[in-house]
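The structure appears below as structure tokens.
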Protein chains: 2
Amino acid sequence: MVATKSLPAESSPTETSGVRGRRRSFDMDEAVETAMRLFHARGYDAVGVAELGAELGIKPPSFYAAFGSKAGLFERALRRYAGGEANIFARAQADGGGVAEVIGRTLRLAARLYPERNGVAGCLVLDGARNSADPEARALTAALRTASVSALRDFIAGEEPERAGALAEFVMIAMMGMSAAARDGADETALTAFAEMAGRAFRRELAAEG
Amino acid sequence: MVATKSLPAESSPTETSGVRGRRRSFDMDEAVETAMRLFHARGYDAVGVAELGAELGIKPPSFYAAFGSKAGLFERALRRYAGGEANIFARAQADGGGVAEVIGRTLRLAARLYPERNGVAGCLVLDGARNSADPEARALTAALRTASVSALRDFIAGEEPERAGALAEFVMIAMMGMSAAARDGADETALTAFAEMAGRAFRRELAAEG
DNA sequence: GAGAAAATATAGTGGTCGCTACAAAATCGC
DNA sequence: GCGATTTTGTAGCGACCACTATATTTTCTC
């Protein structure tokens with residue numbers, strides 16, 4: 001499908017998604033999706049540029065023209081990840097309800113989403129750059145984690161402004177544990193059991209007088 | 001988090017403590033300690049053999065004569081880690097008490113031990129080989145995690161045999177979350193707040209009728 | 001001391017890392 | 001068409017990876 005050979009017609013895979021830019025021999029969205037899957041499955045450092053290029057069907061110069069660097073592609077992958085259905089908290093919020101309800105839903109959704117599926121497990125933001133030797137990759141995920149915990153805190157503060165910080169961190173650390181456990185092989189049953197306990201704990205802490 | 005019993009015994013049991021080993025130009029215990037610190041601080045893959053050799057003051061041939069391989073040294077480091085004061089659950093058990101008390105102590109001890117200190121944070125067993133490309137390193141930590149959760153389950157089963165598995169996994173996943181959070185910069189205050197909530201949750205789950 | 005054995009240092013193995021210089025090829029505006 | 005721009009493939013950069021062949025030095029036994 002990398003047929004860059006002539007023929008003026010339009011059947012060749014040109015730019016997708018209406019984004020204006022230079023014509024490319026590959027589909028950008030698809031490439032980012034593929035990279036996201038690889039980074040998610042094995043972590044940032046364990047996926048090399050050579051493998052990415054081979055999987056995406058492009059050679060190094062095209063790779064660097066399109067993404068700037070390996071970290072540049074990782075950033076795009078993270079952006080797509082955070083903007084898609086992996087944004088668990090946003091999905092849980094969309095269904096409405098109070099703080100306890102939304103947080104409980106968030107935890108249970110993670111338990112359903114994190115277990116291994118097609119070689120991918122856990123959360124890309126929480127574990128994708130863990131132990132990476134590249135400070136840039138670590139900073140990219142760290143920024144998203146900071147944003148996540150802030151969103152959690154702001155949401156919880158709507159009902160419990162006093163202890164919103166601690167409660168948000170409770171949720172965040174619980175999610176980190178679920179992501180790590182999933183990457184170590186935990187299945188949905190085990191994660192759901194944890195999510196239920198963590199959800200009950202959160203509800204009780206929320207209800208408790210501070 | 002760490003196992004009470006663990007990796008299969010080694011061929012020459014007393015070789016590690018300078019007593020009977022062949023004379024070397026370096027101190028074996030000190031070398032393993034240094035390697036443990038490096039692996040703990042940055043993860044297995046991010047620490048190279050060249051750096052280990054330089055830090056230990058030995059050249060590659062001596063390195064391989066002493067440890068066999070990088071993974072061999074990692075195994076020794078893990079063994080020392082699990083056998084020392086990082087064995088949180090063993091320490092919490094040593095002070096006696098019922099299940100709820102010991103588990104609460106375990107969680108609070110982790111909150112005190114996991115935050116960054118001298119560049120080291122979290123748990124070596126839980127996160128030392130996370131995202132490693134080396135299956136051998138991953139297997140070594142995985143074996144210790146399995147032993148840890150088994151030890152937790154057996155202990156909890158003394159009071160609550162029915163739900164010991166789920167409760168042990170709750171503790172394990174909570175510890176994983178705390179380790180990950182610590183490696184991402186969480187301080188003792190934040191981790192302690194989580195540990196208290198998790199401890200209360202555990203006590204309530206234990207007391208609840210199954 | 002002499003000879004054997006062990007631990008050492010020098011140097012280098014092939015491989016992979018992220019990344020790039022260069023020039024041919026495809027595509028653009030006109 | 002033509003020239004200019006852009007994207008591509010070929011090839012390779014220096015640095016690092018875990019690891020080792022070989023030779024020398026050290027340390028042992030006697």
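Within every chain, numbering begins at 1; the chains are lettered A, B, ... in the order of the sequence lines, protein sequences first and strands thereafter. Model, not experiment: these values are computed from the prediction.
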Upstream residue (5' side of DNA chain C) when B:Gly57 and A:Asp45 are each assigned their closest nucleotide: B:Gly57

Distance, rounded to the nearest Å, where B:Ile58 contributes CD1 and D:dC19 contributes P: 13 Å

Listed nucleotide nearest any side-chain atom of B:Tyr64, set D:dA18, C:dC19, D:dT8: D:dA18

Nucleotide nearest B:Lys70 (side chain, heavy atoms from C-beta), chosen from C:dT10, D:dC19, D:dG9: D:dC19

Whole angstrom value for the distance that separates C1' of C:dT8 from CG of B:Leu56: 15 Å

Centroid separation B:Phe89 to B:Phe155 less than 6.0 Å: yes

Comparing A:Glu51 and A:Pro61 on DNA chain C - which has the more 5′ nearest nucleotide: A:Glu51

side-chain N/O A:Ser62 vs D:dT7 OP1/OP2, d < 4.0 Å: no

Nearest to side-chain heavy atoms of B:Ala50, which nucleotide of C:dT8, D:dG9, D:dC17: D:dC17

Polar contact flag, side-chain donor to acceptor under 3.5 angstrom, B:Thr141-B:Arg145: yes

Atom pair distance, as rounded to whole Å: CZ in B:Phe67 and C1' in D:dC19: 15 Å

Residue closer to the 5' end of DNA chain D, A:Phe63 versus A:Pro60 (nearest nucleotide): A:Phe63

Minimum-distance nucleotide to B:Lys59 side chain [options: C:dT10, D:dT20, C:dG18]: C:dT10

Distance-only donor-acceptor check, side chains A:Arg37 and A:Asn118, under 3.5 Å: no

Where B:Ala121 and B:Ala182 come nearest, the two heavy atoms and their spacing: CB-O, 3.6 Å

Rounded interatomic separation in angstrom, taking CG from A:Leu52 and P from C:dT16: 15 Å

